[in-house]
There are 2 protein chains.
Amino acid sequence: MATIKDVAALAGVSLGTASRVLSGSSQTSPDSRARVTAAAKQLNYIANGPARSLRRSRTDVLGLLVSDIRNPFFSELAHAAEREAQRRGYTVLLANADEDAEQEAAYLRTFASQRIDGLLIAPQGSDVGALRALRDSGLPLVFVDRAVDGLDVPTIGTDNEDGIRRALTWLHEKGHREVAFVGGPPEVSTGHERRAAFLRFRDELGLSADPRLVAHGDFRAESGVEATRAVLASGARPTAVLSADGLMTLGVARALREEAASELGAVEIVSFDDLDWFDLVSPPISAVRNDASAIGRLGVEALVDVIEGRPGASHRVTTSFVDRSAGGAAGAGA
Amino acid sequence: MATIKDVAALAGVSLGTASRVLSGSSQTSPDSRARVTAAAKQLNYIANGPARSLRRSRTDVLGLLVSDIRNPFFSELAHAAEREAQRRGYTVLLANADEDAEQEAAYLRTFASQRIDGLLIAPQGSDVGALRALRDSGLPLVFVDRAVDGLDVPTIGTDNEDGIRRALTWLHEKGHREVAFVGGPPEVSTGHERRAAFLRFRDELGLSADPRLVAHGDFRAESGVEATRAVLASGARPTAVLSADGLMTLGVARALREEAASELGAVEIVSFDDLDWFDLVSPPISAVRNDASAIGRLGVEALVDVIEGRPGASHRVTTSFVDRSAGGAAGAGA
DNA sequence: CTGTTAGCGCATTCAG
DNA sequence: CTGAATGCGCTAACAG
């Protein structure tokens, strides 16, 4: 691999001049510019990133630590974050905690060692200490999707309460009174917030407060199956299920399908997170649209702000409701 | 951030000794070991990756450049690759070409600059020159999912011909004669191979050779809609559609659903790539199971082999067929 | 505008 | 087994 020294030699200029031309950091004569550029092209020169990072003490790399890359919500978020980062001159290093606190910790170390310029993270909620240490060590940090109590870090999340309100109001209007809730893990902020909102609006709307209607999983499909089975096994007979996560909705649908074969009628499903196949099942699944792209984009924006010394803004992205029921205006928002 | 110098000073040893203890590269006395370890912990020392990389001229990072991170096939592949890499002591830097040759080229440069130890790539098929240059520059390379002609690089792909054969044989046995094919872009190896296999087995089985039954998209959902509409608009009346990609299958299903409302009966869908919601639509979608996890795993294995000087083995992962039709033994493999 | 020089933090030589 | 010294490739002073 050619180094900048080779380029300088071939161009017949000093190392410093070559560096200035290649990084465009300061004025150079048209002549040197031409010769260095030509030499670089001829040698197929590509700057050595680690050396550059060592010297500049920045990497132009952002880390993105998601909870589960196979969850469409996060792959969408990652995609949007990557686009936005590239637009701003950063590269994104993506890592997957797989809903596992230990892996999260391991990647936190890896990122710290790589000396990334900033980290976008959907925290599992467990190791507040590690996150605080990272933040205190000066690493710009922004939370996406999930928040962590007691840490003053910009957070871009969804307005969970509002989303749940839309879903329950809609169910209530459609006449449902026995609504089951399949929530996420209570130790994760989204799990907790959505559950709290469910309980609150359930009561406000006068829906059944039967505790057997409430279950929770871990944001993975299989747990949606299990939670739904648990609700049904308890003897409760919901007419609708509100699932707090898109992947879990898959499990809910599958579990209801199993049961439908035996005894139950059609149970309505409403999902927090809109997946692209929800219009294809029957009955179609209505959903709270959770804007992963916006969260990814705003997350990068806030992170770059922090990196560049500006205050990073927190956001609560608002949701909309997609009514896919027979009478509903499919795709209608707000 | 504490440096190794700080650690050495606090431990009362020389920089060299501290380095030896921390990297375990050579024998050290129990005494120094204890003191250095303690000092490192006290200072919350995390080695500076760029400096380390510069000195060792390796990064312990593998690049993974996928075609589309929102395609479940690739998020599954990425997940498996990441697990396998971690198991072998590497970190994966994941990037998304978004089915775009220019982005692919941009990330190729970024990776080269980062001096990653090796690259796993699902090539778009276009810039053979850039890939050859990379390979010739000495970067260990392995292709996943897609191959590139004329480049001697280990390739882990699916046995496309076999998969298409399974699908068509099954359709033939179910009595279908008018089978439409929604393929991928012919310039991508998987697009080309699956199309060629379709044509071949279509003729061998004596299925309709009506050219209006063949269309192609770009491996994204929307193109599946368009290709299906095009087939139907041509006046052809397929009784089944074979889609060459999971995301496109989503589009195929959506387009057929639209049409079904107006005039068509139920058209059977078979998909190359099995998505997790295929059992939930009616009629359910049968599929060729394309083992993304195996490809990711074997890809990392081959890449690490190349990095460590061993020859990297190419593989054709075999498929199985998931029969979800009324009479079919759902989940049956082979 | 340009050449020269000094490190960034670390692993690794070379002497002890 | 350890300390001292060297340089990986690059950018950013510092003088001209």
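Just so we're on the same page: letters track the sequence lines, and every chain starts at 1.
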Check: Charged N to carboxylate O below 4.0 Å: is that the case for E301(A) and R297(A)?
Finding: no
Check: Is a salt bridge present between D60(A) and R58(A), judged by a nitrogen-to-oxygen distance below 4.0 Å?
Finding: yes
Checklist line | Phosphate contact (dT2(C) OP1 or OP2) by T17(A) side-chain N/O below 4.0 Å | finding: no
Next item on the list: In whole angstrom, give the distance that lies between atom CG of L22(A) and atom P of dC10(D).
Entry: 9 Å
Notebook entry, point to check: What nucleotide among dC10(D), dT2(D), dG3(D) has an atom nearest to a side-chain atom of T28(B)?
Noted result: dT2(D)
Checklist line | Between dC14(D) (P) and L15(A) (CG): distance, integer Å | finding: 18 Å
Notebook entry, point to check: Between dA11(C) and S19(B), is there an OP1 or OP2 to side-chain N/O distance shorter than 4.0 Å?
Noted result: yes
Notebook entry, point to check: Start at the 5' end of DNA chain D and walk down; is the nucleotide closest to L54(B) or to S14(B) reached first?
Noted result: S14(B)
Next item on the list: Look at E99(B) together with R146(B) and state whether they make a salt bridge at an N to O cut-off of under 4.0 Å.
Entry: yes
Next item on the list: Heavy atoms only: give me the nearest F219(A)-N71(A) pair and the separation to one decimal.
Entry: O-ND2, 4.0 Å
Note to self: Under a 4.0 Å threshold between the charged nitrogen and the carboxylate oxygen, would R70(B) count as salt-bridged to D98(B)?
What the structure shows: yes
Next item on the list: Starting from C1' on dC1(C), measure out to CZ on R33(A) and report it in whole angstrom.
Entry: 11 Å
Next item on the list: Can you figure out which of dT11(D), dC1(D), dG9(C) approaches the side chain of T3(B) most closely?
Entry: dG9(C)
Check: With respect to the phosphate group of dC1(C), does any side-chain polar atom (N or O) of S26(A) fall under 4.0 Å of OP1 or OP2?
Finding: no
Item checked: Euclidean distance, atom CG of residue D31(A) to atom P of dT2(C) [Å, nearest integer] -> 8 Å
Check: Rounded to whole angstroms, how far apart are CE on M1(B) and C1' on dG9(C)?
Finding: 13 Å
Check: Could you give the CZ-to-P distance, from R56(A) to dA13(D), as a whole number of Å?
Finding: 13 Å
Item checked: Donor-acceptor pair present, R20(B) side chain and dG3(D) base, under 3.5 Å -> yes
Margin query: Can you tell me if Y45(A) touches the phosphate of dG9(D), counting only side-chain N or O atoms and a distance under 4.0 Å to OP1 or OP2?
Written below: no
Check: Base, sugar-phosphate alone, or nothing: which one does S32(B) contact when heavy atoms must sit under 4.0 Å apart?
Finding: sugar-phosphate
Check: What integer distance in Å separates K5(A):NZ from dT5(C):C1'?
Finding: 13 Å
Check: Taking only N and O in the side chain of R52(A), is any of them less than 4.0 Å away from OP1 or OP2 of dT11(D)?
Finding: yes
Next item on the list: Round to the nearest Å and state the distance from R35(A) atom CZ to dC1(C) atom C1'.
Entry: 14 Å
Check: Choosing from dC8(C), dG3(D), dG9(C), which nucleotide comes nearest the side chain of R55(A)?
Finding: dC8(C)
